[in-house]
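Scroll down for the structure; my scribbles are underneath it.
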Amino acid sequence: MTFQTRKDFTFDNLEWLNCFFFFQVVMENGLLKVTLSTPTGFVTEIKYNGLDNALEYRNKESKRGYWDAVWSKPGYKRNIFDVLRGTQYTVIAEDENRIEVSFTKTWNSSLDDEIPVNIDKRFHYMALSDDRQKFMPSPWDRAAGEVLDYPEAVHLTNSVDSDINGVDDKYQYSCDNKDSRVSGWVSTDKSVGFWVIIPSDEFRTGGPVKQDLTSHVGPTTLAPFISGHYAGISLTLRLQDGEPWKKVFGPIFIYLNSGKPNNDPRTLWEDAKEQTFIETKSWPYDFPLSQDFPHANQRVTISGRLLVRERYISTVLINASSAYVGLAPPGEAGSWQKDTRGYQFWNQTDSQGNFMIRGVRPGTYNLYGWVPGFIGDYKYKVSVNISRGVDIQLGDIVYDPPRNGFTLWEIGIPDRSAAEFFVPDPRKTLMTYLSSSNSDRDLGNKTHVPTTWRIVFDLPDVVPTRDYTLRLALASATSARLQKVIIIFILAIFHVILTTFLHCNRKGWINERNATRPHFRTRLIGKDNSIARHGIHGLYWLYSFNVAGYRLRRGTNTIFLRQAFGSGPFFGVMYDYLRLEAPPSRY
Ligand SMILES: *[C@@H]1O[C@H](CO)[C@@H](O)[C@H](O)[C@H]1NC(C)=O
Ligand SMILES: *[C@@H]1O[C@H](CO)[C@@H](O)[C@H](O)[C@H]1NC(C)=O
Ligand SMILES: *[C@@H]1O[C@H](CO)[C@@H](O)[C@H](O)[C@H]1NC(C)=O
Ligand SMILES: *[C@@H]1O[C@H](CO)[C@@H](O)[C@H](O)[C@H]1NC(C)=O
């Protein structure tokens with residue numbers, strides 16, 4: 001679809017929503033019949049394997065299979081929900097194997113404010129990965145449940161099927177872009193599967209570890225293209241008045257499969273996975289005839305080998321194993337995680353650091369990367385200009401991660417996830433069956449106070465005249481303000497100060513009220529909301545602080561890390577990794 005912008009606007013969410021088109025076009029091949037409304041371009045009917053309509057026929061035609069955009073005008077808070085009704089319909093190509101139809105519209109003010117509700121009892125088994133699939137509650141089960149603090153989360157207290165219990169929350173079914181290739185539903189009575197296969201992430205925003213929704217109660221299956229989930233407003237697309245913007249979303253692949261009645265739904269899942277593998281291999285598709293979608297022979301492969309130079313660890317270059325390497329619009333190192341406008345092309349290196357990124361569209365990019373086990377973001381020194389069909393071999397490229405000295409101590413694994421840190425179990429009554437994600441949101445009326453973490457460590461020697469470096473990588477932040485306080489003392493007075501400190505804290509005092517001012521504080525950072533959305537990471541933040549050597553003592557030292565903004569259950573940070581580095585020295 002092509003959008004022509006008349007007014008400036010922002011997209012919060014742009015997604016293709018299946019679930020389910022007064023003129024119509026019918027595409028039929030003896031196996032499958034797909035009906036679309038013209039010129040609006042809604043999918044109104046998918047007839048397959050004895051099912052008259054796999055989509056929810058009780059919904060309005062515009063609420064079965066559709067695109068939607070949630071957008072707002074500058075200066076207005078109100079979000080407008082628009083199902084992108086086409087105004088012109090054309091058949092682009094038609095032969096015995098395929099038909100390509102086009103629905104276009106020029107942006108205007110026709111609005112549709114209704115929230116989509118998609119219900120279909122026939123599909124009730126949902127699958128999005130090998131270990132996340134189950135019989136799902138119905139919209140009625142949700143309606144009968146108890147809404148928890150975060151309103152998307154409902155404690156199912158009165159489900160028709162007693163096996164369906166715990167908490168239902170669409171965020172439990174979120175997935176990193178890189179892992180989100182197929183999700184969908186099975187009707188076990190008819191043994192029919194309905195799957196959305198997303199063979200490439202090139203048109204999605206935020207890079208490979210951006211998380212988004214997949215399928216959820218409805219039954220609803222989504223193909224989100226732009227969204228702020230797990231990232232916040234920095235992933236809202238903002239366009240100025242008159243600013244041209246064009247982007248191809250998709251194609252995505254809708255796959256229907258069938259088996260013997262009352263088969264195990266997993267057999268349809270396994271088949272959908274195989275199909276996903278085939279679709280991923282077939283990318284970029286050669287069938288779309290739009291000028292805006294380059295075919296494989298117009299695209300480019302870029303390859304090379306990424307190495308890491310960490311002289312404080314190794315005298316030789318280290319292979320960047322399982323590193324993420326990608327092309328994204330030009331910007332600063334790491335800017336890809338907030339990019340909403342362009343295309344991104346990513347792949348992972350092998351154990352030797354070799355990478356190969358196929359199917360890159362012509363354009364100007366920067367090559368970015370990050371390496372599990374090392375902090376920070378890599379950016380290749382010069383921009384990469386891809387012209388039609390000319391492959392690029394970059395050879396060996398070297399990442400110098402931020403580092404000033406030997407490691408004195410480290411906590412965690414630098415991999416942009418807080419998975420290795422302590423995550424409390426959900427309350428028993430809120431455990432969700434077949435899902436072990438953290439569902440404990442019934443935090444009720446508890447008061448929330450800033451929290452303080454203490455890192456106690458010994459230093460056999462200190463050079464008071466030199467700077468040490470504290471690296472602090474965050475896997476996620478939501479309205480957090482982090483303060484670092486270093487208090488130096490000998491063991492004897494440890495308890496005294498600590499007690500005072502905690503006491504102050506409990507009273508809700510902040511450091512200004514106390515003699516100890518923080519040596520560093522961040523501004524209020526983060527709106528990724530990953531805590532409320534059961535995420536183990538959101539956007540990546542890396543801070544590096546100088547710690548003047550005179551603040552440290554030989555013997556025991558303590559660093560207090562205080563999340564100073566503690567006013568609600570869903571505010572906080574998730575740590576990825578912390579490290580204290582000695583002053584620079586010979587390797
Ligand atoms: C990713 O890399 C692997 C291994 O080099 C390669 O087989 C695969 O085709 C690449 N995928 C893409 C989309 O570039
Ligand atoms: C790529 O193109 C940009 C803009 O056209 C130009 O500024 C840049 O120098 C080019 N980079 C290389 C490596 O040729
Ligand atoms: C929540 O706190 C308010 C004010 O302290 C109190 O009046 C109310 O009863 C509390 N609600 C619950 C459910 O505890
Ligand atoms: C702040 O902490 C210091 C110890 O570091 C203590 O002496 C002082 O009384 C505290 N200030 C307040 C206002 O409690």
Side-chain angles (χ1 to χ4, degrees), residues 129 175-183 196-212 223 225 247-253 255 272-288 292-308 318-329 336-337 339 342-373 378-380 383-399 415-416:
S129 68
C175 204
D176 282 10
N177 282 348
K178 66 179 165 61
D179 302 322
S180 178
R181 287 278 170 270
V182 52
S183 74
V196 169
I197 295 176
I198 305 179
S200 165
D201 287 333
E202 66 177 44
F203 45 81
R204 291 173 144 184
T205 54
V209 290
K210 164 79 170 66
Q211 293 162 95
D212 225 314
F225 300 140
K247 184 167 175 177
V248 178
F249 293 102
I252 59 169
F253 192 84
Y255 181 58
K273 269 193 347 190
E274 276 171 36
Q275 193 65 37
T276 304
F277 182 75
I278 295 168
E279 298 313 318
T280 310
K281 287 267 176 248
S282 317
W283 187 268
Y285 292 129
D286 274 338
F287 62 79
D292 294 317
F293 188 80
H295 290 173
N297 59 356
Q298 298 163 330
R299 294 184 178 222
V300 162
T301 297
I302 179 165
S303 48
R305 182 176 184 213
L306 182 63
L307 299 156
V308 181
I318 304 163
N319 300 333
S321 165
S322 301
Y324 290 79
V325 180
L327 293 171
W336 53 269
Q337 71 167 348
D339 181 74
Y343 301 94
Q344 298 200 23
F345 303 86
W346 287 86
N347 206 344
Q348 266 185 287
T349 59
D350 64 13
S351 62
Q352 307 299 305
N354 297 304
F355 64 88
M356 181 171 94
I357 307 170
R358 289 184 306 123
V360 183
R361 299 170 58 111
T364 297
Y365 304 91
N366 274 131
L367 182 92
Y368 302 98
W370 58 276
V371 189
Y378 172 73
K379 178 183 151 182
Y380 183 59
S383 58
V384 177
N385 297 335
I386 304 276
S387 26
R388 283 190 169 219
V390 186
D391 288 350
I392 294 181
Q393 171 54 254
L394 287 177
D396 285 0
I397 58 177
V398 178
Y399 174 45
D415 60 357
R416 302 184 176 222

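All residue numbers refer to positions in the sequence shown, counting from 1. Ligands are counted one by one from 1 in listed order, and the atoms in each one are counted from 1 as well.
Remark: ligand 1 and N347 share an N or O pair separated by less than 3.5 Å (distance only, no angle test).
For ligand 1, the atoms closer than 4.0 angstrom to any heavy atom of I357 are 14 (O).
What sits closest to atom 6 (C) of ligand 1 on the protein, heavy atoms only, is M356 CE, 3.8 Å. The nearest heavy-atom contact from the protein to atom 13 (C) of ligand 1 is R358 NH2, 4.1 Å.
The side-chain heavy atoms of H295 and P288, taken from C-beta on, include a pair separated by under 4.5 Å.
A side-chain donor-acceptor contact under 3.5 Å links E279 and Y285.
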If you apply the rule side chain to side chain contact (heavy atoms under 4.5 Å, CB included), what do you find for F253 with T276, and how did you get there?
CA-CA 9 Å; F253 192 84; T276 304; over 6 Å; no
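Between D201 and R181 there is a salt bridge, with a side-chain nitrogen of the basic residue lying less than 4.0 Å from a carboxylate oxygen of the acidic one.
At least one cation-pi condition fails for K247 and F203: the charged atom is not both under 6.0 angstrom from the six-membered ring centre and inside a 45 degree cone around its axis.
Of the protein's heavy atoms, none falls inside 4.0 Å of atom 4 (C) of ligand 1.
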